[in-house]
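Taking it in order: structure first as C-alpha cells, then the write-up.
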Amino acid sequence: MKAVVLRDDLREADIRPEPLYAEYKAILENESRRIFDGSIRIENRELLPFDCPNCGKAPVAEFERWGAQYCRCATCASLLVSPRPGQEALDAFRRESRAGRFWEQTFAAATGAAREHGIFRPRLQWLLSIKDRYGPRASVVADYRSKYPTFLEALCDSGEFPQVVSLQPEAPWEKLPLAVRPERRAGPEALLHRTDILTLFEVIERVSNPGEVLHLARELCAPGGVLVLTTTSSSGFEYQLLGGSAPNLNPLDRMNLFSIDALTRLIGKAGFEILELSTPGRLDVATVRKTLESDPDLPGLSFWRYFFRHCGEDAEHTLQEFLQQYRLSSHVRVVARRQ
Amino acid sequence: MPLSRDRRIKAGIVGYGRMGKIRGACLGRRNEWELIGICDIQNHGMGCDVPVFREWSGLLSAGPDAVFVCTPNRRLPEVVMDAVSRGIHVFCEKPPGCTLEDVIRMREAEAAHPGVKLKFGFNHRYHAAVQDAKAIVDSGRLGRVMWVRGIYGKAGGSRYDQNWRNRRELSGGGILIDQGIHMLDLFRLFCDDFEEVKSFLTRSYWTVEVEDNAFVLLRNSRGQVAMLHSSATQWQHRFMAEIYLERGYLAITGILSSTRTYGRETLRVARCQYDAEGYPQPNPEETITYYDEDRSWEQEIDDFARSILEDRPVTVGGSSDAYQVMSLVQQIYTADPLGPRSAAGELTGAAMP
C-alpha cells in the first residue's frame with residue numbers, strides 16, 4: 001500500500017474564510033441542535049441508535065456537540081454520532097435547510113476560486129493519475145452524491161473521461177440545490193456494474209449508513225473498477241487532539257469519523273482491495289494552532305501550546321508533512337479496486 | 001508447451017545463497033509454484049524439506065517445469081543453456097552472465113527452443129515507485145523525457161574485498177555489473193536504447209580487481225541523456241532515479257530492498273508551474289508517494305508464472321532486455337580506455353582501518 005503527501009500552498013483561510021465560515025457554522029449549529037432535539041420538522045425524523053458498522057457493537061458516549069451525541073467504538077476507535085437521523089431525513093434536511101442553501105449560494109460561491117485551486121485541481125490530477133495507473137481505458141466515471149457541479153465539468157473538460165455522471169440516490173433532481181447539467185444526471189440503478197471509476201468525495205462521513213453505501217459502491221463498480229474515496233478520520237491529528245472541540249466537527253457533515261484501521265477493514269469487507277490509503281491533509285496543524293489560540297482554556301495541550309509559541313512556521317510545515325507521511329492527518333483518501 | 005492451468009509449476013533452484021533463498025521464500029508464498037528441489041555445492045540447502053542436489057544436472061533431471069538460476073555470474077550461462085536445451089523454463093538472476101557473449105549464447109539456446117520461457121531478474125522494474133513512474137511517463141502528460149539521472153551506491157559490505165562479485169573471472173566486473181546494471185535497465189525502461197557511451201571507472205578505495213565506482217554518460221538518437229553514478233563507496237546507501245520531462249519531473253528515492261538500507265521507497269512528482277509569460281517557475285508543488293511494502297518479488301514471479309501457464313512471451317526482463325543492457329555494460333567497460341584502475345594508488349585499501 002502507498003501513502004501520498006501533497007506539498008502545496010493550500011491555506012485554511014482561503015477555503016474557509018472568516019467571518020463567512022463562522023456564519024455558516026452558526027446556521028448549521030442552530031439547525032443541528034433543532035434536528036437532534038426534535039424541534040425541526042422533517043420527514044421520518046426519528047433518531048435511531050447506531051452500532052459501529054465495522055465492529056457491530058454499540059459505541060460508548062464520549063461528548064456532545066451541537067445537540068448530537070458523539071460516541072466512540074471501544075474496539076476500533078471510530079467516532080460516530082448515535083442516535084442519528086435516517087438517510088431520508090438527512091436528505092430532506094439537506095434539500096430544505098438554511099445551512100445547505102447558505103453553503104451553495106453564498107459560501108461555495110465566495111470560495112469557488114480557492115477551492116478550484118486548492119482542492120479541485122489536485123483532485124483532477126489525482127483522478128488522472130489513477131486512470132493512468134489503474135484504469136487506462138476507464139470510460140465511465142461516476143461521482144456519488146456530487147457536491148460540486150463545477151468539478152464534474154472540469155472532469156469532462158479534461159477530455160479524458162468519455163462519460164461523467166453524477167449519481168444522486170435522493171432524486172428527484174429538480175428538488176436538489178445542485179446545478180448539475182441534465183445530461184450528467186443519473187440514479188445509481190443506471191450504472192450497476194458499469195462504473196470504471198466511482199468517486200465518493202466526502203460522502204461516507206455524512207450518510208446515515210456508510211456500510212450500505214460501500215456495498216452499493218461495489219455494486220456500481222465494473223469488475224476491476226476503481227473506488228476513489230475521501231473522508232475524515234478520527235485517527236487524525238486534529239480530532240485526536242481536539243476531540244469535541246475540533247472546530248470542523250459539524251455533526252450533520254461529520255457523522256461518521258472512522259479510524260484508519262476501521263476504514264481499511266470496512267472497505268475490505270465491502271469487497272475492495274485497497275491500493276492507496278493516504279492522509280494528504282494540509283490543514284490539521286493550522287487548525288489546531290488556531291483553536292489553541294482562540295481557546296486558552298482547552299486542557300492537556302501544554303506541549304502543543306509550547307510548540308506553536310516557540311517553533312515557528314517551518315516546524316509547522318514539517319509537522320504537517322510528517323502527519324501526511326505516516327497517515328496521521330485527519331483528511332483521508334483511498335483508492336481501492338473491486339475484487 | 002504451456003502447462004495445464006490446474007496444476008502447480010514444479011520449480012527447482014540452482015544456487016541457494018542469498019538470492020536463491022529469497023526466490024525460494026517467494027515461491028513458498030505463491031500458490032502457482034511447488035519447489036521440488038535445490039542444488040547447491042556449498043550445502044546451503046541443509047535443513048530444507050526438499051531434495052538437495054550437489055550437481056545441477058541432477059536437479060534438472062528431477063523433472064522441474066522451471067528452474068531459478070541463482071549462481072555466481074560465471075555459472076549462469078551454462079546452467080541456463082542446459083535447462084533450456086531440456087525444455088525447462090528458466091528464471092535467471094541478473095546480471096545475465098559475465099559478458100555480452102554469454103547473453104548471445106543463452107539467446108541462441110532460447111531461439112532453438114521457442115516454447116521455453118527465459119526471464120532475467122531485472123527486479124527493479126517491478127517496484128511500485130518504478131511502475132507508478134512508468135505509468136506517468138507513458139501517459140505523456142508531462143511531455144517527453146529529456147534526461148534521466150541515477151545514483152545507486154552502497155558501502156561495499158562486510159568482506160566486500162573478498163566477495164566473489166569482485167573477482168572478474170566470476171563476476172565479469174565490479175559494482176557496475178552487480179548493482180549499476182539495475183539503473184541501466186531503468187534508464188532503458190524510460191528512454192529505450194542508447195547509442196553513445198562515455199565513462200570513467202575507478203578503484204577509489206577497495207583493493208579489488210574491478211571498479212568500485214562507475215561514472216557513466218549515455219545519449220540516444222532522440223537526444224535523451226542519461227547519467228549514472230554506480231558506487232561501492234557510497235557510505236550512506238543511496239538509490240535515486242530522476243526523470244526530467246518537458247513539463248515536470250519524477251524522482252524515485254530509496255528502494256525497498258531486502259536489507260531495507262536504501263530508505264523508504266518514495267516517488268516525487270511535480271508538474272511545472274508557469275509565470276504569466278509562460279516561463280516555468282522554480283520549485284513547483286509536489287506530490288510525494290511513500291511505499292510501505294515490497295511486492296516486487298511476488299509480482300516478478302507471478303509474471304513468470306503467467307508466461308508459462310498462458311504461453312505468453314516474456315515482456316519484462318526477456319532476453320532482448322538482457323542483451324541490450326549487457327551491450328551497454330560492455331560499452332561502458334570499453335569506453336574508459338584504461339579500464340578499471342586506481343584513482344590514487346596510495347589510497348587503495350590503505351584507507352581501511
Side-chain angles (χ1 to χ4, degrees), chain A residues 1-11 14 116-138 158-161 226 260-261 264 273-282 317-318 320-329 331 333-335 337, chain B residues 31 125-145 189-190 243 245 247-256 263-276 281-296 298-299 302 315:
Chain A
M1 212 194 303
K2 55 190 182 186
V4 169
V5 169
L6 298 181
R7 265 188 198 160
D8 61 20
D9 57 359
L10 181 71
R11 291 180 314 153
D14 294 333
E116 159 70 27
H117 175 79
I119 298 175
F120 302 150
R121 191 178 50 101
R123 192 174 274 181
L124 175 60
Q125 293 298 337
W126 181 38
L127 284 184
L128 293 176
S129 70
I130 289 167
K131 176 177 183 262
D132 294 341
R133 184 67 175 87
Y134 303 114
R137 284 177 296 280
S158 74
E160 297 280 347
F161 304 105
V226 173
I260 294 292
D261 284 350
T264 304
E273 176 201 7
I274 295 183
L275 305 168
E276 176 200 322
L277 194 156
S278 306
T279 66
R282 287 94 94 204
H317 282 304
T318 305
Q320 186 64 52
E321 196 164 315
F322 174 87
L323 298 177
Q324 292 190 53
Q325 268 194 46
Y326 293 97
R327 299 190 179 99
L328 294 168
S329 162
H331 170 65
R333 74 181 210 186
V334 177
V335 182
R337 182 161 28 214
Chain B
N31 291 332
R125 290 194 184 209
Y126 290 92
H127 276 260
V130 172
Q131 293 186 329
D132 282 359
K134 177 68 173 159
I136 293 168
V137 169
D138 287 352
S139 76
R141 296 188 203 289
L142 298 181
R144 186 182 68 90
V145 174
L189 180 68
F190 293 109
I243 302 139
L245 303 101
R247 295 193 288 276
Y249 63 82
L250 316 174
I252 303 168
T253 48
I255 195 103
L256 288 172
R264 224 173 154 189
E265 192 167 311
T266 304
L267 172 64
R268 280 187 296 139
V269 181
R271 288 166 182 76
C272 289
Q273 292 163 304
Y274 300 91
D275 66 17
Q281 295 180 306
N283 306 323
E285 293 172 357
E286 290 184 332
T287 299
I288 310 168
T289 304
Y290 292 85
Y291 300 86
D292 297 336
E293 56 186 346
D294 176 15
R295 293 166 77 174
S296 62
E298 283 83 358
Q299 285 190 13
D302 286 354
T315 52

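Owing to the predicted nature of the structure, the values given are computational and were not obtained by experimental measurement. Order of the sequence lines fixes the chain letters, A, B, ..., with proteins taken first and strands second; residue numbering starts at 1 for each chain.
Summarising the geometry, atom CD belonging to A:Gln325 is positioned 7.0 Å from atom OG1 belonging to B:Thr266; distances are rounded to the nearest 0.5 Å. Residue B:Asp138 holds its CG atom at 9.0 Å from CG of A:Asp132, rounded to the nearest 0.5 Å.
Contacts of A:Gln324 with chain B are absent, with no heavy-atom separation under 4.5 Å from either backbone or side chain. Residue contact with chain A, scored on non-hydrogen atoms closer than 4.5 Å, involves the backbone and the side chain of B:Gln131 alike.
Closest approach of B:Ala135 to A:Arg133, counting heavy atoms only: CB-CD, 3.9 Å.
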> Is there a side chain to side chain contact (heavy atoms under 4.5 Å, CB included) between B:Gln273 and A:Asp8 once you walk through the steps?
Replying inline: CA-CA 12 Å; B:Gln273 292 163 304; A:Asp8 61 20; over 6 Å; no

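Taking the ring-ring contact (aromatic ring centres under 6.0 Å, His included) definition, one finds that B:Tyr274 meets it with nothing, sequence neighbours left out.
No side-chain heavy atom of A:Gln125 sits under 4.5 Å from any side-chain heavy atom of B:Glu285. Proximity of A:Lys2 to B:Asp132: side-chain heavy atoms (C-beta onward) are separated by under 4.5 Å at one or more points.
Within residues 247-255 of chain B, no residue has any heavy atom less than 4.5 Å from a heavy atom of chain A.
Of all the listed residues (A:Glu160, A:Glu321, A:Glu276), the one sharing the greatest number of non-hydrogen pairs under 4.5 Å with chain B is A:Glu160.
By the neighbour-count criterion of 12 heavy atoms within 6.0 Å, atom CZ of B:Arg295 is sparsely surrounded, having that number or fewer from other residues, nucleotides or ligands. Annotation: B:Asn283, atom CG; neighbour count of heavy atoms from other residues, nucleotides and ligands within 6.0 Å does not exceed 12.
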